[in-house]
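Data block below; observations after.
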Amino acid sequence: MMLDPRTTDATDTTDATDATDATDATDTTSAPGPAVPAGPVAAGAGADGAGGRTPVPPRSDDTATTADEVAALVLAVPGVVSLHPGRFGEVATYLPGRRVAGVKLNEHVAEVHVVLAHGEAIQAAAQAIHAVVAAVVQVPVQVFVEDLATA
């Protein structure tokens with residue numbers, strides 16, 4: 001096929017651009033892309049000079065107060081027998097020198113893991129727990145019914 005020299009073939013230009021884009025997508029040495037959310041550290045400007053991350057400051061006393069308040073409110077909900085620490089004890093808000101088991105608070109979510117009395121309406125209890133916790137935290141609330149206790 002012969003092309004008119006006064007025009008460019010859009011298909012050829014697109015193919016060249018696509019090939020460049022594919023190379024850029026797999027090239028790990030190109031310019032940095034969008035920031036990836038960090039776990040326990042916040043993305044920083046590289047204050048350490050190596051482009052590293054800046055540690056998140058330790059939790060304040062507000063977290064301890066809120067975790068204790070959430071635990072007390074949840075235990076006051078009718079039908080709640082206890083808070084549940086998770087299969088391996090991993091569900092907790094970790095504080096200096098102690099932890100609040102069954103309540104996991106962080107900047108993204110509030111998790112509450114409970115044991116309910118057998119025969120209790122599970123959905124109604126979970127909704128009541130959700131309502132009391134949502135009143136004291138500013139993040140989404142997740143309620144987990146881990147077990148049912150018999151008399």
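These figures come from a predicted structure and were not determined experimentally.
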Using modelled atom types only, decide if a donor and an acceptor are shared between the side chain of Gln127 and the backbone of Ala125 within a distance under 3.5 Å.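 Such a contact is absent between Gln127 side chain and Ala125 backbone.
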Give a yes or no answer on whether the side chain of Thr93 reaches the backbone of Val103 with a donor-acceptor pair at less than 3.5 Å. yes
Taking the side chain as C-beta and beyond, is there a heavy-atom pair between [X] and [Y] under 4.5 Å?
{"X": "Val137", "Y": "Thr66", "result": "yes"}
{"X": "Val109", "Y": "Gln142", "result": "yes"}
{"X": "Pro85", "Y": "Val91", "result": "no"}
{"X": "Val70", "Y": "Val74", "result": "yes"}

Give a yes or no on whether [X] and [Y] share a hydrophobic cluster (residues Ile, Leu, Val, Met, Phe, Trp, Tyr; joining criterion: side-chain heavy atoms under 4.5 Å apart).
{"X": "Val81", "Y": "Phe144", "result": "no"}
{"X": "Val112", "Y": "Leu95", "result": "yes"}
{"X": "Leu73", "Y": "Val143", "result": "yes"}

Point-to-point distance, once rounded to the nearest 0.5 Å, from [atom1] of [X] to [atom2] of [Y]:
{"X": "Lys104", "Y": "Glu90", "atom1": "NZ", "atom2": "CD", "answer": "7.0 Å"}
{"X": "Ile122", "Y": "Leu116", "atom1": "CD1", "atom2": "CG", "answer": "6.5 Å"}
{"X": "Gln123", "Y": "His130", "atom1": "CD", "atom2": "NE2", "answer": "12.0 Å"}
{"X": "Ile129", "Y": "His113", "atom1": "CD1", "atom2": "NE2", "answer": "11.5 Å"}
{"X": "Leu105", "Y": "Glu111", "atom1": "CG", "atom2": "CD", "answer": "9.5 Å"}

If you compare all heavy atoms of [X] against all heavy atoms of [Y], which two are closest, and at what distance to 0.1 Å?
{"X": "Leu83", "Y": "Gly102", "result": "CB-CA, 4.0 Å"}
{"X": "Val100", "Y": "Arg98", "result": "CG2-NH1, 3.7 Å"}
{"X": "Val136", "Y": "Glu69", "result": "CG1-OE2, 3.3 Å"}
{"X": "Val133", "Y": "Ala110", "result": "CG1-CB, 4.4 Å"}
{"X": "Leu148", "Y": "Ala117", "result": "CD2-O, 4.3 Å"}

Using a distance-only test with no angle check, is there a side-chain donor-acceptor pair under 3.5 angstrom linking Glu120 and His118?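 Their side chains do not contain a donor-acceptor pair, so the 3.5 Å distance test is not met.
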